[in-house]
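Okay, so here's the structure we're looking at.
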Number of protein chains: 2
Amino acid sequence: MTQQDPQMGVEYNQQTNFEEVERVIMQISWLGQRQFMQLLDEERFHLTLPQFYTLLHLHQIADACKMSDLADATHQSAASLTGVVDRLLEKQLVERTRHPRDRRQVMVVVTPRGNTLIAEIKRARHEQMHSAFMHLHPDDIDTLLRLLDQVLLGMMRVLERADSGRWA
Amino acid sequence: MTQQDPQMGVEYNQQTNFEEVERVIMQISWLGQRQFMQLLDEERFHLTLPQFYTLLHLHQIADACKMSDLADATHQSAASLTGVVDRLLEKQLVERTRHPRDRRQVMVVVTPRGNTLIAEIKRARHEQMHSAFMHLHPDDIDTLLRLLDQVLLGMMRVLERADSGRWA
DNA sequence: ATGATATACTTAATCCTGTTGAATATCAAG
DNA sequence: CTTGATATTCAACAGGATTAAGTATATCAT
């Protein structure tokens, strides 16, 4: 599937593999999000992707978080986030409070109910993904993790550069 | 970042790394799609993610494709796809025709204009991603490609199984 | 203290896309 | 020519993205 013409030089191969990795990552992202979207749509969850990632972040930091930080962390605009949090609130998965000192800030926290739901979704997702990774050697898992961590780091660097570019 | 407690056994480590890979892939997918969404939103492109992936598939097969196949390939419902193709049509990136033998089928093809746009987007995406991969060793790129191909294959197997389950 | 400016967030309007179920058109068979 | 299956679209609604404008609170200069 990813074989190269043996007559091609090394540089061409590298260039091609480079583009192939991009392509495969794009495909995995698209397919993965679609599959996950369907999982989240099941009756027991009834969440959307933005709702899930928002709830996940609150679960991970396990503390109150102000709207603008939450928007940054989940890569959503503040305007969209308001609606997302509204819906999480209706489902009683989060709570909204005001910052005591600076009353402009709105703080959001997960409820126990929200934490439970995240745990259930993680389990379901784990089962779904298990069969996709099953065939990988344990050593390969380690390698994959190391490499993907580097890719993620690189992507976040791109983001920071774009952010600083705003006021350049 | 992904260190394990050395007192933990091998099995625990594997389990943990397994979950870590899931987590990192989810993060890369989410972050990647968000970044890409912003890129596609630029004036020169003005596409959405579903529009792009639909156009990309048509570009890749380089031939007419009927709606239901296009929906399968891009993991969208036929109903949503109708609207997506409508908008691609307005932008003159695709053309709709009827299958000559079976007039129920609607065939879609990319226009030259659509192919040009895909090429431009690929170049822009390449520049965006380049800095994320820059720090990876060429050997690592090879390894990453091999492993991600396996992951993608595994994910598609999950999909096929889910599909066959429909009429089980 | 007062008025200007900045910050944090919400609201409103519009578009895209997702879902479901019904509607339409076409084909294939009896 | 009905009957039933198939391919696609339509209609109605919800979520969420974007932009611009609006509200409330805070901060700072005078």
Side-chain angles (χ1 to χ4, degrees), chain A residues 30-31 33-43 45-55 64-91 93-108 166-167, chain B residues 30-31 33-43 45-55 64-91 93-108 166-167:
Chain A
W30 179 251
L31 181 55
Q33 299 278 29
R34 290 277 140 170
Q35 284 183 354
F36 193 35
M37 203 192 273
Q38 285 176 13
L39 181 70
L40 288 177
D41 200 39
E42 288 180 14
E43 283 176 30
F45 304 137
H46 266 319
L47 285 186
T48 62
L49 283 176
Q51 284 168 22
F52 169 77
Y53 281 99
T54 303
L55 196 57
C65 180
K66 67 174 189 165
M67 289 293 283
S68 42
D69 289 345
L70 192 53
D72 279 351
T74 59
H75 315 292
Q76 302 173 84
S77 73
S80 329
L81 188 60
T82 297
V84 172
V85 169
D86 280 347
R87 279 155 224 128
L88 290 175
L89 206 65
E90 281 171 19
K91 296 168 191 160
L93 302 172
V94 302
E95 273 172 8
R96 251 198 195 115
T97 48
R98 290 263 162 197
H99 191 287
R101 321 270 294 195
D102 186 343
R103 295 185 40 77
R104 289 172 304 181
Q105 295 180 25
V106 171
M107 310 298 287
V108 189
R166 275 188 206 154
W167 9 282
Chain B
W30 178 251
L31 181 55
Q33 299 279 32
R34 290 278 142 171
Q35 284 183 355
F36 193 35
M37 204 193 271
Q38 285 175 14
L39 181 69
L40 289 177
D41 199 40
E42 288 180 13
E43 283 175 32
F45 304 137
H46 267 320
L47 285 186
T48 63
L49 283 176
Q51 284 169 21
F52 170 77
Y53 281 100
T54 303
L55 196 57
C65 180
K66 68 172 189 165
M67 289 293 285
S68 42
D69 290 345
L70 192 52
D72 279 352
T74 59
H75 316 290
Q76 303 172 83
S77 73
S80 329
L81 188 60
T82 297
V84 172
V85 170
D86 279 348
R87 279 155 224 128
L88 290 176
L89 205 65
E90 280 171 20
K91 294 167 191 161
L93 302 172
V94 301
E95 273 172 9
R96 252 197 195 114
T97 48
R98 289 263 164 197
H99 191 286
R101 321 271 294 197
D102 185 345
R103 295 185 41 76
R104 290 171 302 181
Q105 294 180 24
V106 172
M107 311 298 288
V108 189
R166 276 188 206 155
W167 7 281

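Throughout, a chain's letter reflects where its sequence line sits, starting with A, and its residues are numbered from 1. All values below were derived from every heavy atom in this structure, side-chain atoms included, with hydrogens, water molecules and symmetry-related copies excluded. Keep in mind that what you see is a predicted model, and the values were worked out from it rather than measured.
- For the OP1/OP2 pair of D/dA7 and a distance below 4.0 Å, the side-chain nitrogens and oxygens of B/R96 include no atom meeting the criterion.
- Residue B/R101 is classed as a sugar-phosphate contact, given heavy-atom separations below 4.0 Å to backbone atoms only.
- Between B/E42 atom CD and D/dA17 atom C1' the separation is 16 Å, expressed in whole Å.
- Close to C/dG18, at under 4.0 Å from its OP1 or OP2, lies a side-chain N or O of B/Q76.
- Considering only side-chain atoms of B/M67, the nucleotide from C/dT26, D/dT19, D/dT9 that sits closest is D/dT9.
- Taking atom CG of residue B/D72 and atom C1' of nucleotide D/dA7, one finds them 12 Å apart after rounding to whole Å.
- For an aromatic pair to be called close, the ring centres must be under 6.0 Å apart, and A/F52 with A/F45 fails this.
- Between B/D86 and B/R96 there is a salt bridge, since a side-chain N of the basic residue sits under 4.0 Å from a carboxylate O of the acidic one.
- Residue B/S80 is classed as a base contact, given a heavy-atom separation below 4.0 Å to a base.
- A donor and an acceptor atom sit less than 3.5 Å apart, one in the side chain of B/R104 and one in the base of D/dT6.
- Between A/L81 atom CG and D/dA17 atom C1' the separation is 12 Å, expressed in whole Å.
- Across the protein-nucleic acid pair, A/K91 atom NZ and D/dA14 atom C1' stand 11 Å apart, rounded to whole Å.
- When the nucleotides D/dA17, C/dC16, C/dT10 are ranked by their closest atom to the side chain of B/R87, C/dC16 comes out on top.
- Both B/Q38 and A/R103 lie near DNA chain D, and the one whose nearest nucleotide falls closer to the 5' end is B/Q38.
- Residue A/H46 contributes atom NE2, which lies 10 Å from atom P of C/dT20 at whole-angstrom precision.
- Distance from the side chain of B/V106 is smallest to D/dT9 among C/dT26, D/dT9, D/dA17.
- A residue-by-residue look at A/H99 and A/Q51 shows that A/Q51 has its nearest nucleotide of DNA chain D further toward the 5' end.
- Under 4.0 angstrom from either OP1 or OP2 of D/dT8 there lies no side-chain N or O belonging to B/K66.
- Checking the phosphate oxygens (OP1, OP2) of D/dT6, no side-chain nitrogen or oxygen of B/S68 falls inside 4.0 Å.
- Taking only side-chain atoms of B/S77, from C-beta outward, the nucleotide of C/dT19, C/dC9, D/dT9 with the closest atom is C/dT19.
- A sub-4.0 Å separation between OP1 or OP2 of D/dA17 and a side-chain N or O of B/R34 is present.
- Rounded to whole angstrom, the span from the CZ atom of A/R98 across to the P atom of D/dT25 amounts to 7 Å.
- One can place CE of A/M37 at 11 Å from C1' of D/dG15, the figure rounded to the nearest angstrom.
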